[in-house]
Amino acid sequence: MTIETFPGSSGFIDSGHDKKITYFSNTYVLGLTVVAGIGGLLFGYDTGVISGALLYIRDEFEAVDQSSFLQETIVSMALVGAMIGAAAGGAINDEYGRKVATLLADVIFALGSFVMAAAWNPYVIIFGRLLVGLGVGVASVTAPMYIAEAAPSEIRGGLVSTNVLMITSGQFLSYLVNLAFTEVRGTWRWMLGVAAVPAIIQFFLMLFLPESPRWLYMKKSKSDAIVVLSKIYDPYRLEEELDQLSTALEEEHQRKNAVSYWDVFRIKEIRLAFFAGAGLQAFQQFTGINTVMYYSPTIVQMAGFKSNQLALLLSLIVALMNAAGTVVGIYLIDHFGRRKLALSSLSGVILSLILLSVAFYFESIGVANIGWVAVLGLALYIAFFAPGMGPVPWTVNSEIYPESYRGICGGMSATVNWVSNLVVAQSFLSIAEAVGTGWTFLILAAIAVLAFAFVFVFVPETKGLSFEEVERIWKERAWGRSSSSRLESLIENREEP
């Protein structure tokens with residue numbers, strides 16, 4: 001029997017039986033994911049490029065070379081901008097849509113890149129870093145949200161994790177660019193200025209992509225939303241998705257008050273969801289990932305490898321492992337589950353940070369040839385972190401909030417990530433100088449233990465659940481309904497995507 005499909009339908013079904021949805025089932029969805037994920041590429045490139053550029057900025061500006069505070073400010077000013085951009089990004093996404101937010105982020109990021117490339121003193125670099133941070137902050141909220149709202153629930157984790165792969169790929173690309181320009185006149189100016197290229201590419205590609213179908217349905221045009229959804233789902237599944245959207249829209253209309261930031265803390269189920277999501281974002285940073293990515297060349301030099309080129313080369317290997325680990329995470333997150341993956345990841349992170357702490361302790365007391373142990377510790381840290389605590393916080397935050405609060409909560413949670421990132425980046429070198437690098441990594445290990453306990457207690461499994469089913473988990477946790485365990489058991493009983 002042949003089923004007549006909607007115009008532009010993916011054609012997943014040509015008989016009365018569902019076909020298995022996989023990561024590569026629909027090239028249309030994958031295309032949306034990759035283009036939106038360029039925002040993640042910008043995020044990653046900005047994270048990684050400054051670690052190499054800082055070595056040459058120090059060579060050119062004596063004031064920077066003599067001040068750890070100024071070095072930390074150059075690194076962390078992008079985080080200040082990202083914090084502001086993420087906070088504003090939630091409201092921009094809710095009011096104007098995911099597409100407009102992405103275009104705005106691209107314009108701001110490109111402008112900041114040009115300012116840094118033309119900088120004539122460290123303070124102009126700092127201003128440029130603020131601008132690129134604003135763009136990255138908006139993109140960090142928008143990209144995972146856009147992808148999640150276009151993704152079938154069975155593969156949502158893998159598709160949202162693709163954005164994290166773009167982040168880690170951007171970090172790897174930044175190290176390649178850093179190495180390419182080490183012998184070129186203007187070194188750090190090229191390193192920072194070339195970041196405008198992917199922003200410009202995404203801007204023009206995004207002009208041809210649709211708005212998020214869920215945002216269209218809830219805020220603008222049901223007919224436009226159906227056109228987009230018909231390219232994602234077969235006719236049977238499309239009807240189911242539209243029923244869920246219709247129910248969600250009715251619930252929105254029944255709300256007595258307009259959505260507000262205060263509701264996030266006033267309404268118990270939303271408060272629980274935000275606590276879990278924001279906690280994941282905070283622990284992602286406080287367990288040290290961007291300390292490693294921002295300062296990996298500096299850490300390598302602390303371990304005894306003084307050459308700028310060698311430090312960048314070893315950091316390139318770390319970045320490659322980060323990207324490769326994220327590929328593993330894309331597969332595991334929809335098969336192994338978000339919660340189990342985070343717990344496994346944190347177990348390895350704890351052990352790796354202890355190894356780093358021990359290596360730097362022995363280096364500090366003069367034990368020879370210990371630097372390679374520190375580099376090994378960095379590599380193991382990335383190998384454990386990348387598949388789990390890299391993608392899980394962003395994936396979970398893209399799916400745990402009700403439709404009307406997704407922009408606000410996503411923005412607030414991303415802001416927590418950037419604030420935490422700022423605290424770590426602004427304090428790492430100073431703390432390392434004060435107590436020693438070994439003790440600094442031991443502190444991070446202790447925080448990772450707390451992160452493990454947090455995930456174990458507060459983060460539910462959301463693998464394979466629809467947005468509406470996830471919302472019910474929080475309502476039932478908030479009000480203690482006996483059916484909560486039955487609903488969460490759906491996760492274990494679902495067939496693998």
Side-chain angles (χ1 to χ4, degrees), residues 6 8-10 26-40 85-86 88-106 137-164 166 202-203 205-233 237-238 240-249 251-252 259 394-411 413-414 466-468 470-471:
F6 284 78
S9 170
S10 59
N26 190 320
T27 55
Y28 180 76
V29 176
L30 195 56
L32 296 181
T33 298
V34 171
V35 174
I38 295 176
I92 293 170
N93 272 276
D94 279 343
E95 184 66 26
Y96 301 105
R98 292 38 167 154
K99 182 174 180 176
V100 170
T102 301
L103 295 172
L104 178 63
D106 289 332
V138 175
S140 70
V141 178
T142 307
M145 195 183 305
Y146 181 90
I147 295 168
E149 291 181 345
S153 59
E154 297 91 335
I155 56 171
R156 187 172 58 230
L159 289 172
V160 174
S161 296
T162 301
N163 183 61
V164 182
M166 297 292 275
Q202 185 184 43
F203 181 90
L205 289 176
M206 203 71 196
L207 292 175
F208 298 98
L209 294 187
E211 181 53 81
S212 155
R214 289 186 71 93
W215 187 88
L216 283 173
Y217 193 95
M218 304 293 286
K219 297 291 183 73
K220 189 176 181 181
S221 169
K222 293 182 182 179
S223 60
D224 289 347
I226 293 172
V227 169
V228 179
L229 288 168
S230 69
K231 297 177 182 179
I232 299 172
Y233 299 108
R237 181 65 177 274
L238 175 62
E240 178 185 333
E241 294 293 323
L242 291 175
D243 286 343
Q244 291 179 353
L245 283 171
S246 177
T247 301
L249 184 60
E251 290 179 356
E252 293 306 308
V259 173
W394 295 105
T395 300
V396 169
N397 273 277
S398 73
E399 61 190 5
I400 61 173
Y401 305 119
E403 180 69 36
S404 56
Y405 292 93
R406 193 164 298 135
I408 287 178
C409 290
S413 184
S466 69
F467 287 116
E468 288 69 28
V470 174
E471 185 175 350

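In this chain, residues are counted from 1 in sequence order.
- At least one donor-acceptor pair closer than 3.5 Å links the side chain of K99 to the backbone N or O of L207.
- Nearest heavy atom pair, residue A101 against residue T142, reads CB-OG1, 3.6 Å.
- Between S413 and N397 the shortest heavy-atom distance is OG-OD1, 2.6 Å.
- In this structure, the separation between CG on L32 and OG1 on T162 is 12.0 Å, given to the nearest 0.5 Å.
- Taken from CD in E211 to CE in M206, the straight-line distance is 7.0 Å, to the nearest 0.5 Å.
- The heavy-atom pair separating W394 from V164 by the smallest distance is CD1-CG2, 4.0 Å.
- Applying the side chain to side chain contact (heavy atoms under 4.5 Å, CB included) rule to A86 yields the partners S140, V141, A414, T415, W418; only residues at least two apart in sequence or on another chain are considered.
- R98 contributes a side-chain N or O that, together with a main-chain N or O of N93, makes up a donor-acceptor pair within less than 3.5 Å.
- Residue I38 holds its CD1 atom at 11.0 Å from CG of N163, rounded to the nearest 0.5 Å.
- Pairing each heavy atom of Q202 with each of G39, the nearest pair is NE2-N, 3.1 Å.
- Legend: residues meeting side chain to side chain contact (heavy atoms under 4.5 Å, CB included) with Y96, ordered by chain and number and at least two apart, are I92, V100.
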(request) Using the side chain to side chain contact (heavy atoms under 4.5 Å, CB included) rule, take V138 and T102 through it: C-alpha gap first, then chi angles, then the decisive distance, then the call. (result) CA-CA 7 Å; V138 175; T102 301; over 6 Å; no
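- In terms of heavy-atom proximity, L103 sits nearest to F203 at CD2-O, 3.4 Å.
- Applying the side chain to side chain donor-acceptor pair (under 3.5 Å) rule to D106 yields no partners; only residues at least two apart in sequence or on another chain are considered.
- The shortest non-hydrogen separation linking I147 to G37 is CD1-N, 4.5 Å.
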